[in-house]
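Each remark here refers to the structure printed beneath this line.
Below, read A as the first sequence line, B as the second, and so on, with proteins coming before strands; counting in each chain starts at 1.
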Number of protein chains: 2
Amino acid sequence: MKSTIKHDCRDELHNAKLRVTPARLGVLAMLEHADMPVDVSMITDYLKKQKIPVNEVTVFRILNTFTDKGITKPIQLNEGKLRYEYANKAKHHHFICEKCKTITDVEGCTVEALERQIEKTSGGKVTRHSLEFFGLCRRCVS
Amino acid sequence: MKSTIKHDCRDELHNAKLRVTPARLGVLAMLEHADMPVDVSMITDYLKKQKIPVNEVTVFRILNTFTDKGITKPIQLNEGKLRYEYANKAKHHHFICEKCKTITDVEGCTVEALERQIEKTSGGKVTRHSLEFFGLCRRCVS
DNA sequence: TTGACAAATGCAAGTAACTTGCATATACTT
DNA sequence: AAGTATATGCAAGTTACTTGCATTTGTCAA
């Protein structure tokens with residue numbers, strides 16, 4: 001009996017016309033398991049613990065492929081490296097604690113009005129924005 | 001008779017307790033001259049044209065020093081490298097054309113309300129945010 | 001079930017942005 | 001004008017990421 005989660009992951013790969021490999025299933029499992037955007041070394045470490053040793057190069061390639069297929073989304077948090085999360089998550093932004101580096105999702109975005117205003121002012125078209133908040137989380141603020 | 005601009009730059013360096021060198025004056029001139037955030041290679045190229053040949057390493061160091069002293073501010077536009085602009089510019093965000101890469105300033109920010117909301121929800125403290133808009137500028141949109 | 005072939009992976013090497021160590025050169029102080 | 005701290009250049013190192021190429025492995029058709 002296959003686990004439900006694994007089956008979902010297989011479907012996800014089939015839908016994207018990608019072959020089902022241990023490395024890809026492992027990356028998908030990691031993304032489900034994680035509660036914040038993850039970077040390549042976090043994924044590699046996780047896979048090693050799961051006894052699915054995968055070369056870092058392969059993880060980079062898997063994430064690029066997933067992103068091309070719209071499965072994952074790169075997140076740039078000004079760390080000098082990219083993180084990734086599922087692309088189909090509800091639209092949200094991130095709040096990064098500058099002390100403990102915890103990343104929490106921020107729901108609700110009030111930026112659309114500003115986008116319309118930019119379009120009026122500039123005569124162009126705004127297709128997306130990136131917005132991140134930095135500060136101290138509850139545990140670090142005191 | 002020294003030019004006014006150059007004299008301003010000298011003052012800026014003196015105020016920051018930094019020595020006045022051709023390389024630093026050149027970087028400051030470039031920042032004044034540019035109408036969008038600039039990266040290290042743009043600065044290096046500009047200095048070469050001005051017959052102030054400066055090693056890239058030195059430009060990196062100058063920008064780090066300026067940023068430490070609060071003269072410049074690093075701008076991350078998800079390009080895999082940093083740009084810099086004067087830190088004392090009025091608070092603003094950027095609108096990047098994904099086709100021609102032109103960067104224009106966006107005045108007016110409606111994000112403060114969202115920051116207060118995050119603080120209430122999370123119990124933490126938001127100290128800054130980064131917000132960039134991507135799309136097509138007027139000339140590229142048609 | 002098998003065998004062929006495209007696709008995925010590993011390894012080594014390459015790249016780009018940025019940093020660091022150290023020797024030399026230069027700006028500022030007196 | 002000289003002494004000294006600071007700035008710079010050069011070479012090498014680092015980190016995140018990419019690429020080329022040989023090998024392995026999924027998948028699909030027979």
Side-chain angles (χ1 to χ4, degrees), chain A residues 2 6-7 9-28 30 37-45 47-48 50-69 71-84 101, chain B residues 2 6-7 9-28 30 37-45 47-48 50-69 71-84 101:
Chain A
K2 280 169 189 159
K6 263 211 169 159
H7 191 248
C9 290
R10 302 180 87 88
D11 283 353
E12 201 156 11
L13 292 172
H14 283 139
N15 293 340
K17 300 205 203 320
L18 295 175
R19 291 187 175 174
V20 177
T21 67
R24 284 176 176 165
L25 289 175
V27 172
L28 289 177
M30 170 62 175
V38 291
D39 65 30
V40 167
S41 73
M42 293 165 77
I43 295 174
T44 308
D45 291 352
L47 294 181
K48 196 173 294 166
Q50 301 295 311
K51 306 285 187 234
I52 317 170
V54 174
N55 194 294
E56 277 214 334
V57 174
T58 301
V59 177
F60 277 110
R61 276 196 274 232
I62 288 174
L63 291 168
N64 284 341
T65 305
F66 283 2
T67 302
D68 287 348
K69 298 289 185 180
I71 297 172
T72 54
K73 191 169 66 165
I75 309 285
Q76 169 65 263
L77 300 179
N78 303 359
E79 302 168 295
K81 69 185 169 190
L82 291 174
R83 290 173 181 257
Y84 292 84
K101 308 301 176 194
Chain B
K2 282 168 188 161
K6 264 212 169 157
H7 190 249
C9 290
R10 302 180 87 89
D11 283 354
E12 201 155 11
L13 292 172
H14 283 139
N15 293 340
K17 299 205 202 322
L18 295 175
R19 290 188 176 173
V20 178
T21 67
R24 285 176 176 165
L25 289 174
V27 172
L28 290 177
M30 169 64 173
V38 292
D39 64 30
V40 167
S41 72
M42 294 166 76
I43 295 175
T44 309
D45 291 353
L47 294 180
K48 197 173 293 168
Q50 302 294 311
K51 308 284 187 233
I52 318 170
V54 174
N55 195 294
E56 279 214 332
V57 174
T58 302
V59 177
F60 277 109
R61 276 195 274 231
I62 288 174
L63 290 168
N64 284 340
T65 305
F66 282 2
T67 301
D68 287 348
K69 298 288 186 178
I71 297 171
T72 54
K73 190 170 65 166
I75 310 284
Q76 169 65 265
L77 300 179
N78 302 1
E79 305 168 294
K81 67 184 170 189
L82 291 174
R83 290 173 181 257
Y84 291 85
K101 307 302 175 194

Rounded distance in Å - CG (A/L47) to P (C/dG10): 10 Å
Exam field: side chain B/Q76 to backbone B/N78, donor-acceptor pair closer than 3.5 Å: yes
Sugar-phosphate only, base, or nothing, as touched by B/D39 at under 4.0 Å among non-hydrogen atoms: nothing
5' priority, DNA chain C, between A/V57 and A/T65 [closest heavy atom]: A/T65
Contact summary for A/A23 and A/T58, nearest pair of heavy atoms: CB-CG2, 4.4 Å
Under 4.0 angstrom between A/T21 side-chain N/O and D/dG26 OP1 or OP2: no
Side chain of A/I62 (C-beta onward), nearest among C/dT9, C/dT26, C/dA17: C/dT9
Integer-rounded Å distance: D/dG26 P and A/L25 CG: 10 Å
Contact check, side chains of B/V27 and B/Y84, non-hydrogen atoms, under 4.5 Å: no
Residue B/R19, side-chain heavy atoms: nucleotide from D/dC17, D/dT6, D/dT8 that is nearest: D/dT6
Sugar-phosphate, base or nothing in reach of B/R61, heavy atoms under 4.0 Å: base
Nearest to side-chain heavy atoms of A/V40, which nucleotide of C/dA17, D/dG26, D/dC17: D/dC17
Nearest-0.5 Å distance, CZ of residue A/R83 to CG of residue A/D39: 5.5 Å
Touch class at under 4.0 angstrom, heavy-atom based, for A/P53 against every strand present: sugar-phosphate
Taking every non-hydrogen atom, the tightest pair across B/L13 and B/V20: CD1-CA, 3.9 Å
A/E56 CD - C/dG14 C1' separation (whole Å): 16 Å
OP1 or OP2 of C/dC18 under 4.0 Å from side-chain N/O of B/N64: no
Nearest-nucleotide comparison on DNA chain C, the residue closer to the 5′ end among A/K17 and B/H14: A/K17
Donor-acceptor pair (no angle test) under 3.5 Å: B/R24 side chain, D/dA7 base: no
Under-4.0 Å side-chain N/O to phosphate OP1/OP2 contact, A/N55 with C/dT9: no
